[in-house]
Amino acid sequence: MHHLLISQYSFANMKALGSTLPFLSIFILLSVSSATSSDQVDNFLRCLPTHSHRSFPIADAILTPANSSFQSIYQLRANNLRILSSATSRPLVIITALHPSHAQATVVCAKRHGLQVRIRSGGHDYEGLSYTSSVPFVILDMFNLRSIKVDMKTETAWVQAGATTGELYYRIAEKSKVHGFPSGVCTTLGIGGHFSGGGYGFLMRKYGLSIDNVIDAELIDANGRILNRKSMGEEVFWAIRGGGTTSFGIILSWTVKLVRVPPKVTVFTVQRTLSQGATELAYRWQQVAPKLPKDLFIRLQPEPINNDSNNKTIRVSFIGHFLGQTDRLVQLMNANFPELGLTRNDCLEMSWVESALYWAGFPNGTSIDVLLNRVQTSRVFYKTKSDYYKAVIPREGLETLWQVLMDIENIFVQLNPYGGRMEEISDTATAFAHRAGNLFKVQYTITWSESDGGLSAASRFIELSRRLYRAMAPYASSNPREAFINYRDLDVGSNESGETNFEVAKEYGTKYFGNNFFRLAGAKAIIDPENFFKNEQSIPPLLTSPAH
Ligand SMILES: Cc1cc2nc3c(=O)[nH]c(=O)nc-3n(C[C@H](O)[C@H](O)[C@H](O)COP(=O)(O)OP(=O)(O)OC[C@H]3O[C@@H](n4cnc5c(N)ncnc54)[C@H](O)[C@@H]3O)c2cc1C
Ligand SMILES: *[C@@H]1O[C@H](CO)[C@@H](O)[C@H](O)[C@H]1NC(C)=O
Ligand SMILES: *[C@@H]1O[C@H](CO)[C@@H](O)[C@H](O)[C@H]1NC(C)=O
Ligand SMILES: *[C@@H]1O[C@H](CO)[C@@H](O)[C@H](O)[C@H]1NC(C)=O
Ligand SMILES: *[C@@H]1O[C@H](CO)[C@@H](O)[C@H](O)[C@H]1NC(C)=O
Ligand SMILES: CC(=O)N[C@H]1CO[C@H](CO)[C@@H](O)[C@@H]1O
């Protein structure tokens, strides 16, 4: 039953309708905007070697459309088929940095020759901002800069931006069975992009987000300098933790403090359909899950299914992670959430790293070597939206949600409980503002495949996602309706041109960052006053003090 689960290891696996890579014979139409002259590109290419380290020739890292691997490298880490197949413009050049100086040279030369840079680590951006742009651009691909050094003496790890969450978990497990790290459930996320938006997973209630455990970083600024925490200063270091780093510079590496975990943890998945009382249990979960002891994290995942008599119904999965063993867990559940009826038989004990595999949806018994698979090979088209809830959704709100879910195919919804460590950290401690006062965060994702209509079905599925979002408006946070930047959604406001307009930025910025948006705009003015690092939802520099 375990792989019926529920994971984010890949949206494709979840719905078992993934297309595999070879299928991706999507024609790449190079539409190089007339705004870019070929001289500009030639000058950029000529500039690169003069700014990179001699012992590491940058020629080995430069791909233009003339190189046979250009297309495959471009596609390999373009996670969302909706974006990959619809993008009208392609990069002029891809720099697959093999040495930090290649990233520095890319910045210096792109700035000098007027090209926009898109930074890509794992390529999981929901709107593909790491690999598409409406203006002429080059991709700086960080994927090869992927070293990890785990130091058990200081209980820290130094992780380069191109490493994946899976690799980090694996390297920690190699050194220790009683250490872990709080970051994403999916094991192919790039550390570079993932931490930039906070980074959360099943250790969130115990240890907070990835960024809450970051102690240093190396950042390349718009002048191509490599800065660390000390040289970038506390204001910029504050901003890159949760503020969407891509507005401030290029993350080369993060240094993190590892967290302690017991030698055995316990996981479970309990499922109930509507006729088994799922509505009442989901109602109760909202009151209980954010207040449970920090060691216990229970995600709620409702989904539409066909029941035995071939009628549509909702099945709600309660997916649990406990930093302890079965006896104690069953006691805790009996005391706090007896309605769920958790039994010892529902529980599986394993090491922490094995629990990461369980949550990622790998079948029981899978070797932890799968953590070293760096790219997701089966992919789907998808559109995601997010919400934060500060009040319990009433029963009629749940009924509305169920109804919309049963009307939409290919949808999954995840409710992730807050509380615990998340409410102990002030909402101004880092740029990530969604802390105390939230009961849970929700992700709504609609996925589809080529056989559901592929790209031509996109507008229909996007409209369905908006319909669901509208239906939940009465219950979700409001003024602003908060959103999670790692679940990037251009619907919350964006500047199509990539030229960041302050009023437009304030709209999406306050949804993603609350009032921290204004402080982020100030940090941007310190590190990148000329606004070199920008995209459709970046932070503009605030050069004068705002009237907020
Ligand atoms: C299947 C799936 C599961 C997910 N599960 C989780 C989860 O459990 N928890 C969670 O918090 N999030 C989750 N996410 C969201 C994920 O954290 C974000 O999409 C994140 O931005 C991905 O980082 P990346 O490096 O893989 O993506 P990329 O697309 O490479 O980058 C994302 C953004 O960060 C920027 N960026 C990338 N690298 C750098 C760098 N080195 N320096 C500066 N900016 C950079 C990019 O320009 C882009 O704007 C999931 C996403 C997917 C598709
Ligand atoms: C790309 O093509 C050029 C020209 O043929 C070649 O010199 C270069 O080595 C190729 N780059 C890579 C990374 O293969
Ligand atoms: C199947 O779903 C229908 C409609 O929701 C419901 O009336 C019926 O009780 C369900 N049957 C089972 C076996 O769950
Ligand atoms: C359940 O499905 C059957 C046919 O499979 C149908 O006759 C019946 O009306 C449905 N019941 C409900 C409650 O929708
Ligand atoms: C999981 O696998 C282990 C051995 O790999 C086995 O002992 C255990 O029974 C399995 N559990 C389930 C629920 O399949
Ligand atoms: C859609 C939108 O807001 N576009 C704006 C993007 O930024 C430029 C430059 O600030 C504005 O002129 C556009 O109006």
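In this chain, numbering begins with 1 at the start of the sequence shown.
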_Pair E424 + R421, salt bridge at N-O below 4.0 Å_ = yes
*Applying salt bridge (charged side-chain N to carboxylate O under 4.0 Å, His left out), which residue pairs with at least one partner in residues 194-217 are found, sequence neighbours left out?*
K206-D295, D212-R435
*Just wondering, do L468 and L464 contact through their side chains at under 4.5 Å, heavy atoms?*
no
_Test item: M232 and I240 side chains (from C-beta on) under 4.5 Å apart, heavy atoms_ = yes
*Would R77 count as a cation-pi partner of F143, with NZ or CZ less than 6.0 Å from the six-membered ring centre and within 45° of the ring normal?*
yes
*Side chains of N223 and K111: does their closest heavy-atom pair fall under 4.5 Å?*
yes
*Out of W359, Y418, F440, F202, which one pairs with F297 under the ring-ring contact (aromatic ring centres under 6.0 Å, His included) rule?*
W359
*Are I485 and Q537 close enough that some pair of their side-chain heavy atoms sits under 4.5 Å apart?*
no
*Would you say the side-chain atoms of S210 pair up with the backbone N or O of P182, donor to acceptor, closer than 3.5 Å?*
yes
*Could you check Y200 against N416 for side chain to side chain donor-acceptor pair (under 3.5 Å), going step by step and ending with a plain yes or no?*
CA-CA 10 Å; Y200 88 94; N416 291 289; 3.0 Å; yes
*Give the intermediate values and the outcome of salt bridge (Lys or Arg N to Asp or Glu O under 4.0 Å) for residues R229 and E234.*
CA-CA 7 Å; R229 177 174 186 167; E234 282 302 308; 2.8 Å; yes
*Taking the inter-plane angle between the rings of Y74 and F70 on a 0 to 90° scale, is it parallel (under 30°), tilted (30 to 60°) or perpendicular (over 60°)?*
parallel
*Kindly determine whether V117 and F532 satisfy side chain to side chain contact (heavy atoms under 4.5 Å, CB included), including the steps that lead there.*
CA-CA 9 Å; V117 176; F532 173 72; 3.8 Å; yes
*Take N495 and Y508 through the side chain to side chain donor-acceptor pair (under 3.5 Å) test and state the conclusion after the steps.*
CA-CA 10 Å; N495 190 314; Y508 58 77; over 6 Å; no
*asked:* What's the separation between atom CD in E396 and atom OH in Y283, rounded to the nearest 0.5 Å?
replied: 8.5 Å
*Could you state the interatomic distance from CG (D141) to CD1 (I95), rounded to the nearest 0.5 Å?*
10.0 Å
*Minimum heavy-atom separation for K511 to P480, with atom names?*
CG-CB, 3.9 Å
*Where the side chain of W238 meets the backbone of T428, is there a donor-acceptor pair that is under 3.5 Å apart?*
yes
*Sidechain-backbone polar pair: R241 side chain, F432 backbone, donor-acceptor under 3.5 Å*: no
_side chain to side chain contact (heavy atoms under 4.5 Å, CB included) between L401 and M472, intermediate numbers included_ = CA-CA 7 Å; L401 176 59; M472 296 314 286; 3.9 Å; yes
*Which pair of heavy atoms, one from G192 and one from S121, lies closest together, and at what distance?*
CA-OG, 3.5 Å
_Polar side chain donor-acceptor pair, Q286 to Y389, under 3.5 angstrom_ = no
*Considering all heavy atoms of both residues, which atom of E167 and which atom of G162 are nearest to each other, and what is their separation?*
OE1-O, 4.3 Å
*asked:* Check for me whether R481 meets the cation-pi criterion with Y469, that is, NZ or CZ under 6.0 Å from the six-membered ring centre and within 45 degrees of the ring axis.
replied: yes
*May I ask you to check whether F502 and F517 place their ring centers less than 6.0 Å from one another?*
yes
*Do the side chain of E423 and the main chain of A436 share a donor and acceptor less than 3.5 angstrom apart?*
no
_Contact summary for A433 and D427, nearest pair of heavy atoms_ = O-CB, 3.2 Å
*Distance from L140 atom CG to Q104 atom CD, nearest 0.5 Å?*
11.0 Å
*asked:* Do T445 and Y487 have side chains that approach each other closer than 4.5 Å (heavy atoms only, starting at C-beta)?
replied: no
_Using every non-hydrogen atom in the two residues, find where A523 and V236 come nearest and quote the distance to one decimal._
O-CG2, 4.2 Å
*Before giving the answer on side chain to side chain contact (heavy atoms under 4.5 Å, CB included), spell out for T279 and I314 the whole-Å C-alpha distance, their side-chain angles and the decisive distance to 0.1 Å.*
CA-CA 9 Å; T279 306; I314 294 291; over 6 Å; no
*For the side chain of S386 and the backbone of F484, is there at least one donor-acceptor N/O pair under 3.5 Å apart?*
yes
*Would you say E303's side chain and I411's backbone share a donor-acceptor pair under 3.5 angstrom?*
no
*asked:* Using only atom types and a distance under 3.5 Å, with no angle test, would you say the side chain of R379 pairs donor to acceptor with the backbone of A78?
replied: yes
*Does the T165 side chain pair with the main chain of C186, one donor and one acceptor, at a distance under 3.5 Å?*
yes
*asked:* For a quick test of reading the model, state the closest non-hydrogen atom pair linking P100 to I220 and the distance between them.
replied: O-CD1, 4.1 Å
*Give, for atom NZ of K506 and atom CD of E503, the distance between the pair rounded to the nearest 0.5 Å.*
4.5 Å
_side chain to side chain contact (heavy atoms under 4.5 Å, CB included) evaluation trace for Y126 with N486_ = CA-CA 8 Å; Y126 282 21; N486 267 1; over 6 Å; no
*Side chains of L415 and V413: does their closest heavy-atom pair fall under 4.5 Å?*
yes
*Look at the side chain of D489 and the backbone N and O of D491, then say whether any donor-acceptor pair between them is shorter than 3.5 Å.*
yes
*Taking side chain as C-beta onward, heavy atoms only, is V492 less than 4.5 Å from E507?*
no
*Atom pair CG (L455) and CD (E450), whose distance is rounded to the nearest 0.5 Å*: 8.5 Å
*Only one of K385, R118, K383 clears salt bridge (charged side-chain N to carboxylate O under 4.0 Å, His left out) with E127; which?*
K383
*Can any side-chain N or O of W448 pair as donor or acceptor with the backbone N or O of Y382 at less than 3.5 Å?*
no
_Within 6.0 angstrom of E530 CD, more than 12 heavy atoms from elsewhere_ = no
_Just verifying a value: how many Å separate L168 CG and T187 OG1, rounded to the nearest 0.5 Å?_
11.5 Å
_Would you say that Y475 contacts T400 through its side chain, given a criterion of any heavy-atom pair below 4.5 Å between the two side chains?_
yes
*Are K441 and E482 ion-paired here, with the side-chain N under 4.0 Å from a carboxylate O?*
no
